[in-house]
Each structure stands twice: as C-alpha cells, then as structure tokens.
There are 2 protein chains.
Amino acid sequence: MALGRPRAFDTEEALGKALVVFQRKGYEGSSIAELTEAMGINPPSLYAAFGSKEELFRKALARYVGIRKDFSRDALDAPTAREVVERLLRGTADQLTDPQSPPGCLLVQGALSCGDAAEPIKKELCLRRVAEEVALRHRLERAIEEGDLPKTTDVAGLARYIATVSQGMAVQAAGTATRADLHAVVDAVMRGWPG
Amino acid sequence: MALGRPRAFDTEEALGKALVVFQRKGYEGSSIAELTEAMGINPPSLYAAFGSKEELFRKALARYVGIRKDFSRDALDAPTAREVVERLLRGTADQLTDPQSPPGCLLVQGALSCGDAAEPIKKELCLRRVAEEVALRHRLERAIEEGDLPKTTDVAGLARYIATVSQGMAVQAAGTATRADLHAVVDAVMRGWPG
DNA sequence: TGACTTTTTTATTGATCGATAAATAATGTT
DNA sequence: AACATTATTTATCGATCAATAAAAAAGTCA
C-alpha cells in the first residue's frame, strides 16, 4: 500500500461533484468555497489532489468530453449523413436537458466570456467546440465519398450549421427551454435537411 | 445651469465604453477597475452617475437592445416569412462580427452561467432572448393569417429554431467563426426553409 | 467675496477571491 | 515503539472584488 495517511475521499467522486458545480455556475462563477463544500473536502485537500482551480476544471472537462464522445461516436457511426445529424441533435437535446445534471453544455457555458484570468479556459473550450464540428465535417466528407451527399455540398458550412444549432440549443437549455422544445427545434432542422 | 460642479465626462459616451467592456468580458468578467479605466473616470464618478455595477450593466443592456430592435423592426417588416428570417439571420451575422465591437452577443455572452451575485442579470438576459423569439413567433403567426405559411406550421417550434440558430451563431462568433462562416450557416438554414 | 451644491480625486473599506502555512492525525515501515 | 510519509483540519495569506468616506475642486447664486 502507498505510504502515509490514506486519502479520506474518492477523487473520482469528488471530481464528479466539481463537474456539477462547474456546469451550473461556469468556471468563473464557481468559487473554491462552493467547490470544496460540494466535494465534501477542505481547500488543502483540493489543491493536493487536483493542483489548482484551473487544473480541477480541466480534469472535470476531460470527463465531460469523454461522456460526450461516447454518444458522439455512436451517432457518427450511423449509416447516412441524415441519420448521423439527427442522432447527434437528438442526443444533444437529451443531454442538455438531462434532469440528473444542470441544464446546458459545459463547452458553451463554462467560460463563453470572462475576465483575463479565465482566458486560457475560454480558449480551451473554444477548441473543444471546434473539435466536435471538425469530427462532423469529416463524417460528412465521408458521406460525399460514399455518394450519400452530392459532391457539390458545402460540408464545412453544413457541419458549422449543425454545430451552430447544437450550441444554440445549449443556450436555449441554459434558459427556459424544455426537452420537448429542443426536439421541436430538431424537427425543424430535419424537415429542411439537407436543403 | 445646474447647481454644483459640472460633470467632467459625457455619461452617454462613458456608457458606450462600458458596453464595449461588458461585451468583451461579460458581466462577471468585467471589474469596476477595468470599467472605470475604459470610461476614463474614477469609481466614485461611476457610482454617482450609474448607481452600481448592476445598474450600469442594465443601462448598457438597454442601449444594446435598442440597437438590436432598430434592425429587428426592419427585418420583421419584410413582406414574407422567408424574407423576415433571412434578414434577421443575415443582420445578426453581420452584427455579431461587426469589427467595431467585440464579437458575439451581449444577450448570450453577458451572463450565460455565473455565480449567485449575477443571477438577476442572467435571468434578465434570458428574458430578453425569449422576447426576441416571441417577436418572431408573432410575425410568423401573422404569416399564417396572410396565407404566407401553411396553417399547420408549428410557429412556436419554427421561431425557436431560428432563435436557436441566432444564439448558436453568437457562440460561434465568440469563438473563431468569421462573418463569412456565419453567412454560410445562414445559407444552410435558407436552403432548408421552411422544411 | 463668500455660502451652497455637486463632482472630482485620493485613499480606503469590509468581503471574498484563489491558494497555503502550520499543526495534527493516520497510515506503513523499521 | 519510534520514524517517515502523506492527508487532514484550522487558520490565514496577499490580491482583488464592489463600493465609499473624506477632502479638495469647480461651478452657481446671493
């Protein structure tokens, strides 16, 4: 066994509690006091286990992204571009309004605009959002190769369009929109697909 | 003339400077120190003229909403629902990427998620976003009455869909999207309209 | 000129921010 | 049992937050 006094809390469980706080309050809006209270530990335990507030957020973000990737992979595996998009949007609508966690998306609400201190986090979140858009674009390019979409399709624009709807739904969920509201949005998107 | 020492700065001009800071940093991310520096005044002058940070933000918000309403009225006056939507989205794309002001939308970036202290501002911004969606919905209802849209159209869902795209574009603009990128998104929306 | 009013500058206020120092407690090792 | 190591609790650090107290400055009016 490891030397010294054993840790009295489960780091993975504490990380999960921190993630919930970050989802609800964002990076800047979450104070160490609130995080430690939710995690059931004192500040020195937080810093010993996670390094800093920023490192804690990055670890919470990694977990969040992992969850999203699990469902995103399934969606991208769908046989047609249309089905890929619908699965992505329906899954996002469900996740954004999951009653088990605060409404909205950490990639959007985590730090959309912020003070100078949170700038690195803001950029990190922006990169993650772009990464999701790029993943979809690659899938749409494959669809063109497979003859599923016309060769003349503007895949970059189309991928950005879907990413935009996804991020807009995050804003909606952060407000007053319900799960049914978001699925009505997806209905509107699918009626027009692909134009 | 008014009694006492005259004010050495123009309140409207100072409010404009404050608005720019709030657009770039959001409500929580904007400190009094940064605001006063941008406004060219000292804290006591800010509090004497505007009351508090929250009141200052609300006044800046009122101006921002006023600007948006000017262009929104023009868009809603378009003869067809299709043209209304395209004007709204094109105008939003342009405004979000106006080189004269920070990219993005104050209604989205001002306080999407925040600490307890900013909660009233978050709710106010949410109400303003809903108000824009409602205005569009009423216009789409008129379009049904005029036979411009089928009677079976889900106007609430359609209005929310357009609001979602608009808000998603705000997130895109806050990231790396250019004006051309956003117009490509609008292209995708219009290709599918109305489904 | 001097009283009156309001804004200015200067210097702080108490509260809260993220982060830690110091002392105590709990384990494994010798 | 005594030591080494790590985590805990308690108390607090300096910095920054929004907001002000106090005094000097700039104007009107008698």
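We name chains A, B, ... by the order of the sequence lines, and we start the count at 1 in each one. Side chains are part of it too, since the values below use all heavy atoms of this structure and drop only hydrogens, waters and symmetry mates.
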B:D116 CG - C:dA15 P separation (whole Å): 18 Å
Closest nucleotide among C:dA19, D:dC17, C:dC17 to the A:S52 side chain: C:dA19
Whole angstrom value for the distance that separates C1' of C:dA15 from NZ of B:K53: 15 Å
Joint cluster assignment, B:I121 & A:L112, ILVMFWY side-chain distance < 4.5 Å: no
Phosphate contact (D:dA7 OP1 or OP2) by A:S45 side-chain N/O below 4.0 Å: no
Contact under 4.0 Å: A:N42 side-chain N or O vs D:dT8 OP1/OP2: no
Lys/Arg-Asp/Glu bridge criterion (N-O < 4.0 Å) met for B:R90, B:D187: yes
Sugar-phosphate only, base, or nothing, as touched by B:T36 at under 4.0 Å among non-hydrogen atoms: nothing
Selection from D:dT20, D:dT8, C:dA26 that lies nearest to any side-chain heavy atom of B:P44: D:dT20
d(CG, B:L46; P, D:dC17) in whole Å: 14 Å
Nucleotide D:dA18, atom C1' - distance to CD of B:E28 in whole Å: 13 Å
Side-chain heavy-atom pair A:D154, A:Y161 within 4.5 angstrom cut-off: no
Nucleotide D:dT20, atom P - distance to CZ of B:F50 in whole Å: 16 Å
Residue A:P6, side-chain heavy atoms: nucleotide from C:dA26, D:dC17, C:dC17 that is nearest: C:dA26
Geometric class of the A:F9/A:F50 ring pair [parallel <30°, tilted 30-60°, perpendicular >60°]: tilted
Distance, rounded to the nearest Å, where A:I32 contributes CD1 and C:dT16 contributes P: 16 Å
Sugar-phosphate, base or nothing in reach of B:A48, heavy atoms under 4.0 Å: nothing
Charged N-O contact under 4.0 Å between B:E133 and B:R137: no
Gap between atoms OH and C1', on B:Y47 and C:dT12 respectively (whole Å): 14 Å
Value in whole Å for how far the C1' atom of C:dG18 lies from CE of A:M39: 14 Å
D:dA25 base / B:R5 side chain donor-acceptor hit below 3.5 Å: yes
Residue closer to the 5' end of DNA chain C, B:P43 versus B:F9 (nearest nucleotide): B:F9
